[in-house]
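Accompanying notes for the structure given below.
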Amino acid sequence: MSENREPRRPRRTTVQLVSGLDPDVCYRALKSRDARFDGRFFVGVTSTKIYCRPICPAGPARRENCRFFASAAAAQEAGFRPCLRCRPEVAPDVGSWRGTSNTVARGLAMIADGALDGDDASVDDLAERLGVGGRQLRRLFQQHLGASPISVAQTRRVLFAKQLIHDTRLPMAEIALAAGFGSVRRFNETFQQLFRRPPSAIRRKTIASLPEGSVGATGVTVRLRYRPPYDWPAMLAFFRARAIDGVEQVDDAIYRRTVHHDGSLGTVEIAHVPSSHCVSATIRVDDVRALPRIVSRIRTVFDLGADVVAIGAHLAGDPRLAPLVAARPGLRAPGGWDGFELAMRAVLGQQVTIEAARRLLSQLTRLCGTRMHNRGEPGLAMAFPTAAQVARADLASLGMPGARKQALVAIAEAALADPLLFEPLDTVEDTVARLRAIRGIGDWTAHYIALRAAREPDAFPSSDIGLLRGAAIARTAVTRAGERPTPAALHAYAERWRPWRAYAAQYLWAADGTIT
Ligand SMILES: [Zn+2]
């Protein structure tokens with residue numbers, strides 16, 4: 001079975017609940033409103049048929065009336081409806097399945113991308129894309145989330161719609177479309193059934209000050225929560241150093257960029273709201289149906305779902321890494337907005353400085369990217385080129401070796417031939433092997449793409465010079481003379497960091513100073 005080849009589980013820590021919830025631990029967390037458990041479980045109250053986050057201001061129900069669920073979908077599948085006070089839809093997205101089942105993680109990412117929306121979508125097709133059988137997929141979802149893939153998709157639609165109703169003044173018809181309901185009628189029926197009231201009755205009166213109108217005209221702002229701590233300055237500095245002219249703009253507080261999804265152009269703007277443990281994302285896009293995918297990208301790029309406390313506890317088990325972990329609480333792994341874009345960044349970043357790579361990427365964008373219509377946002381004039389644009393472009397004027405230009409074209413052609421090229425496979429080794437089959441992609445590039453684009457938490461480009469220098473500073477895998485390790489030695493040493501080697505890499509890069 002493919003699951004047997006998955007990375008080893010991280011060590012259990014006091015806040016970790018893997019596969020199966022301990023009701024006593026859950027009830028204790030509930031009584032103390034322990035924020036560390038927010039997003040890790042939900043509590044259904046049998047006397048009210050409502051389910052809550054562990055931090056609900058309404059306070060805990062009696063022990064005998066509480067049922068605990070690993071996911072919101074499991075609570076809804078069992079007939080509970082979301083609480084209107086603690087709002088399960090805004091709980092941080094930190095599942096206990098992370099690091100334990102790649103298949104579940106990949107399946108959830110595809111569902112968030114709309115894989116089970118629409119009348120012709122099926123669980124068997126999703127399973128096939130994931131390389132498992134339909135029955136196996138249902139079993140894995142049941143084991144890790146306590147709910148079926150269909151329930152997860154339905155719950156995601158309802159909760160996303162509920163968040164948009166609550167936090168925006170988007171017209172209801174647009175919300176129905178954005179959340180993947182297919183029709184306004186189905187949207188109304190679902191809400192009537194679940195909340196015993198129409199969607200409009202859920203809308204708060206306090207949002208009257210928000211701009212009213214479609215997502216294309218006024219944009220929509222949603223708040224996306226994470227589990228603290230969050231090293232925002234490190235994240236922003238990473239993007240600032242790599243910002244592509246015309247595509248991205250990063251100042252002291254805000255990240256802005258243009259986006260391009262299935263022919264729909266737009267912009268996003270991300271700011272940190274530390275007091276609420278969330279980022280605020282303002283999205284402007286022509287087609288409202290692109291909204292869930294853009295939200296899911298933002299979560300990935302800013303690594304909002306990472307359980308940094310559990311990951312840090314695992315990595316600090318290595319005494320040589322422990323001081324680095326302690327020095328940078330909340331350090332996360334920045335992601336790539338788009339697999340193809342990230343692959344271009346990886347190739348153009350080979351053996352040059354970050355600044356030189358940035359200039360080459362800006363030049364590539366000017367050569368063949370899409371010019372944005374005037375949206376009144378100076379500095380955001382270009383969308384990053386698509387694979388088709390790069391495949392057709394004349395790259396002669398790019399100041400770099402011919403072999404690397406050929407690699408850009410080879411990746412563009414491979415991406416056109418296989419739209420799933422940058423999605424993770426069952427194991428990090430499989431993901432890397434598929435990428436390495438492309439001419440011009442070596443081990444470093446493949447691991448780098450796996451880490452930032454496929455979001456493999458266990459990817460580790462062990463030949464990276466910054467990692468080798470960071471390893472020497474941390475004295476991990478060093479030679480007897482205390483010198484920089486060989487890539488093979490670092491690779492062997494890194495075994496103890498599985499399944500979170502990508503995060504160990506962030507700490508080593510931070511030690512070396514290459515993170516910014
Ligand atoms: Zn509640």
Side-chain angles (χ1 to χ4, degrees), residues 26 30 33 38-39 41-93 111-112 114 116-119 121 145-208 210 212 220 222-223 225 288 291-292 295:
C26 289
L30 197 62
R33 278 188 218 161
D38 194 14
F41 75 84
F42 295 88
V43 55
V45 180
T46 50
S47 50
T48 58
K49 296 304 273 176
I50 285 173
Y51 75 94
C52 286
R53 295 157 66 188
I55 52 128
C56 185
R62 299 225 311 261
R63 173 76 177 81
E64 62 270 27
N65 291 337
C66 291
R67 282 183 63 194
F68 299 102
F69 300 97
S71 65
Q76 284 196 202
E77 201 174 75
F80 294 91
R81 56 182 196 277
C83 174
L84 292 170
R85 284 189 70 183
C86 63
R87 303 184 55 204
E89 70 271 19
V90 297
D93 178 25
I111 290 172
L116 290 180
D117 293 344
D119 291 335
L145 305 167
S148 69
I150 290 288
S151 291
V152 168
Q154 281 167 349
T155 305
R156 187 192 66 75
R157 279 196 288 273
V158 167
L159 293 184
F160 187 56
K162 188 163 172 284
Q163 182 174 15
L164 293 178
I165 291 169
H166 232 272
D167 294 344
T168 77
R169 291 183 78 192
L170 280 185
M172 292 297 170
E174 274 200 16
I175 292 177
L177 264 183
F181 276 95
S183 78
V184 176
R185 188 178 52 85
R186 199 173 296 171
F187 169 61
N188 286 336
E189 279 170 6
T190 305
F191 270 74
Q192 193 64 48
Q193 193 186 7
L194 202 55
F195 298 101
R196 295 178 198 140
R197 63 190 95 181
S200 56
I202 292 170
R203 187 156 263 180
R204 288 180 297 165
K205 303 289 174 275
T206 48
I207 60 163
L210 292 175
E212 191 170 18
V220 62
V222 288
R223 287 187 161 203
R225 226 164 276 237
V288 71
L291 217 46
V295 167

The reported gap from CD1 in Ile111 to OG in Ser151 (rounded to nearest 0.5 angstrom) is 10.0 Å

If you measure only the distance, is there a donor-acceptor pair under 3.5 Å linking the side chains of Ser148 and Glu77? yes

Kindly say whether Phe195 contributes a backbone atom to a donor-acceptor pair with the side chain of Arg197 at under 3.5 angstrom? yes

Salt-bridge contact Asp167-Arg223 (side-chain N to carboxylate O under 4.0 Å): no

Please give me the minimum heavy-atom distance between Arg63 and Phe68, naming the atom from each residue. NH1-CE1, 4.2 Å

Given Pro60, which partner from the list Leu30, Asn65, Val45, Val43 fulfils the side chain to side chain contact (heavy atoms under 4.5 Å, CB included) test? Leu30

Has Arg203 got a side-chain atom pairing as donor or acceptor with Ile165's backbone, closer than 3.5 angstrom? yes

Which atom names give the shortest non-hydrogen contact between Ile175 and Phe187, and what distance separates them? CG2-CZ, 3.9 Å

Any side-chain heavy-atom pair of Arg33 and Pro54 under 4.5 Å: no

Minimum-distance pair of heavy atoms, taken over all atoms of Lys49 and Gly79: CE-O, 3.8 Å

Side chain to side chain contact (heavy atoms under 4.5 Å, CB included) between Met172 and Val184, worked out: CA-CA 8 Å; Met172 292 297 170; Val184 176; 5.9 Å; no

Evaluation steps, side chain to side chain contact (heavy atoms under 4.5 Å, CB included), between Leu194 and Gln76: CA-CA 9 Å; Leu194 202 55; Gln76 284 196 202; 3.8 Å; yes

Rounded distance [0.5 Å steps], CZ in Arg53 versus CZ in Arg85: 12.5 Å

Is the backbone N or O of Val90 less than 3.5 Å from a side-chain atom of Arg225, with the two atoms forming a donor-acceptor pair by type? yes

Given the side-chain rings of Phe69 and Phe80, with only the six-membered ring counted for Trp, is the space between their centroids under 6.0 Å? yes

Please find the pair of heavy atoms, one from Ser71 and one from Phe42, that lie closest to each other, and give the distance. C-CD1, 3.5 Å

Using 0.5 Å steps for rounding, measure from the OH atom of Tyr51 to the SG atom of Cys56. 12.5 Å

Looking at CG of Leu145 and OG1 of Thr155, how far apart are the two atoms once the value is rounded to the nearest 0.5 Å? 10.5 Å

Test Leu291 against Leu164 for side chain to side chain contact (heavy atoms under 4.5 Å, CB included), laying out the working first. CA-CA 10 Å; Leu291 217 46; Leu164 293 178; 4.2 Å; yes

Heavy-atom nearest pair, Leu116 first then Ile150, reads CD1-N, 4.3 Å

Between CZ on residue Arg157 and CG on residue Asp117, distance to nearest 0.5 Å: 4.5 Å

Inspect the contact between Asp93 and Arg156 and indicate whether a charged nitrogen and a carboxylate oxygen are less than 4.0 angstrom apart. no

Smallest heavy-atom separation, Pro57 atom then Cys86 atom, equals CD-CB, 4.0 Å

Just verifying a value: how many Å separate Glu89 CD and His166 NE2, rounded to the nearest 0.5 Å? 6.5 Å

Answer yes or no: are there more than 12 heavy-atom neighbours, outside Gln193 itself, under 6.0 Å from its atom CD? no

